[in-house]
Amino acid sequence: MALLGIETLLYGVDDLDVAARFYDDFGLEAVERDARGVRYRLPEGSSFVLRKSDDPDLPPAFLKGQGPREIVWGVDTQASLDAIAAELARDREVRTDPDGTLHTRDEAGINIGFRLFDRMDLGVSGAPSENNLSGVIRWNQHRKWYERATPKLINHVVFGVPDVDRAVAFYVERLGFRLTDIMRGFGMFMRCDGRHDHHNLFFFRGGGRLFFSHVSFGVETIDELMVGAMQMQRQGWTSDVGLGRHRISSLVFYYMDSPAGGQTEYSADSDYLDDDWKPRMWDQAFGQHHWLAVLPADARIANRGVAEPVEGALPKLDSTIRAGPA
Ligand SMILES: [Fe+2]
């Protein structure tokens, strides 16, 4: 089996016009647009779809308020899709569309689907190499210039969930996701078995409830991310913490409040992992940020810490809480 990432992310939104303006400004390419909604297509071949919250054809809401209504994961082959259908039908209702798409719910109550995904080459070229003091790679050549950001892929989604252990076990044990890292006592990162970005899914402790945190769209480089961030600032879209880099995953990020629900993120420069990677346990304040461009007064950033290897295949989140000082 290989899951290839998010094939379609479907949202139900309260104000379609405002939501569409945000994602138009964000740089997504609309390929269908009418009174019911907008479908954006990413260069990898995935779709991001906005529909009005009260559209009777949407799957039932699983969150309070607007935001995701379904996450459809892309699958490599019909044999994989059949295997997923058989596995999940053991303990839950799995509905199959005439085109073969599967629909069900995960252990956190999130609507999920599965569909064949012919994931495209991203079509990026001429990406600049970073000159630094220990290695000049770009001689007699300026960097690639971007006029605007055009996100290439859906990188990850993040939810607060009532029971992280139960939510994560479903994806790891039933769907072959790889655990990639843990924030001690807080949350777990996973990637699809057919993807190498540091994470495609992150679940964290939601204080007893299920809520949506954010979706991340991948751009080519930090330059493209910054051009996008400037464009969004000019259009009046706001960010709480602005630009930064996570220590876990190395992702450079720029989060914005989305009028469609939760936050939406540009991300770049992920770590890429394969099955040789050994997941680690990180203290939250150490792992979350390497740096932030603007430091909020209440920011908890630790410059010292350790990332220790995970013991066992999939530990319980409570067992990862540090007993004493690092
Ligand atoms: Fe993120």
Side-chain angles (χ1 to χ4, degrees), residues 5-6 9 11 22-23 26-28 42 44 46 48 63 67-68 71 73 108 110 149 151-161 164 167-168 171 177-184 186-192 195-206 210-222 224-226 228-229 232 237-273 277 279-280 282-294 296 299-301 307:
I6 294 172
L9 179 59
Y11 271 39
F22 178 91
Y23 291 100
F26 187 72
L28 300 188
L42 283 294
E44 66 172 341
S46 61
F48 178 68
L63 299 165
I71 300 164
W73 296 95
I110 298 169
K152 310 298 185 284
L153 52 92
I154 303 174
N155 186 289
H156 61 259
V157 286
V158 176
F159 289 87
V161 297
V164 172
V168 169
Y171 285 89
F177 277 59
R178 306 297 196 248
L179 175 74
T180 56
D181 272 322
I182 294 174
M183 269 189 191
R184 287 181 178 278
F186 183 68
M188 297 192 186
F189 298 86
M190 291 167 278
R191 68 174 173 86
C192 296
R195 281 284 285 273
H196 299 286
D197 334 69
H198 178 275
H199 56 281
N200 307 119
L201 187 59
F202 177 52
F203 286 141
F204 65 89
R205 211 181 271 281
L210 170 65
F211 62 93
F212 176 60
S213 167
H214 68 271
V215 55
S216 176
F217 291 91
V219 292
E220 188 181 6
T221 61
I222 297 169
E224 185 177 20
L225 182 150
M226 287 307 300
M232 295 301 274
W237 304 112
T238 55
S239 174
D240 54 357
V241 296
L243 183 74
R245 189 190 283 273
H246 296 302
R247 212 182 292 268
I248 298 175
S249 81
S250 299
L251 277 171
V252 173
F253 59 79
Y254 187 80
Y255 296 102
M256 287 154 285
D257 300 316
S258 168
Q263 291 192 316
T264 290
E265 173 189 17
Y266 288 120
S267 61
D269 198 19
S270 177
D271 293 336
Y272 283 79
L273 312 180
W277 176 253
R280 301 154 303 173
W282 299 75
D283 294 322
Q284 188 181 347
F286 177 61
Q288 189 154 10
H289 296 121
H290 177 197
W291 51 261
L292 285 167
V294 179
R300 287 177 62 241
I301 295 183

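Not measured: the values here are computed from a predicted model. Atoms within a ligand are numbered from 1 in the order they appear, just like the ligands themselves.
Of all protein atoms, those of element N, O or S that lie under 2.8 Å from the Fe ion (ligand 1) number 3.
Ring geometry for H246 against H289 counts as parallel: the plane angle stays under 30°, on a 0 to 90° scale with 60° as the upper cut. Classified by interplanar angle (parallel below 30°, tilted 30° to 60°, perpendicular above 60°), the ring pair Y255/H214 is perpendicular. The aromatic rings of Y23 and F26 sit perpendicular to each other, their planes meeting at more than 60°, with 30° as the lower class boundary.
When only modelled atom types and interatomic distance are considered, S46 and E44 share a side-chain donor-acceptor pair under 3.5 Å. Side-chain contact, S270 with D197: no donor N or O sits under 3.5 Å from an acceptor N or O.
Partners of R184 by salt bridge (Lys or Arg N to Asp or Glu O under 4.0 Å), not counting sequence neighbours, listed by chain and number: D283, E308.
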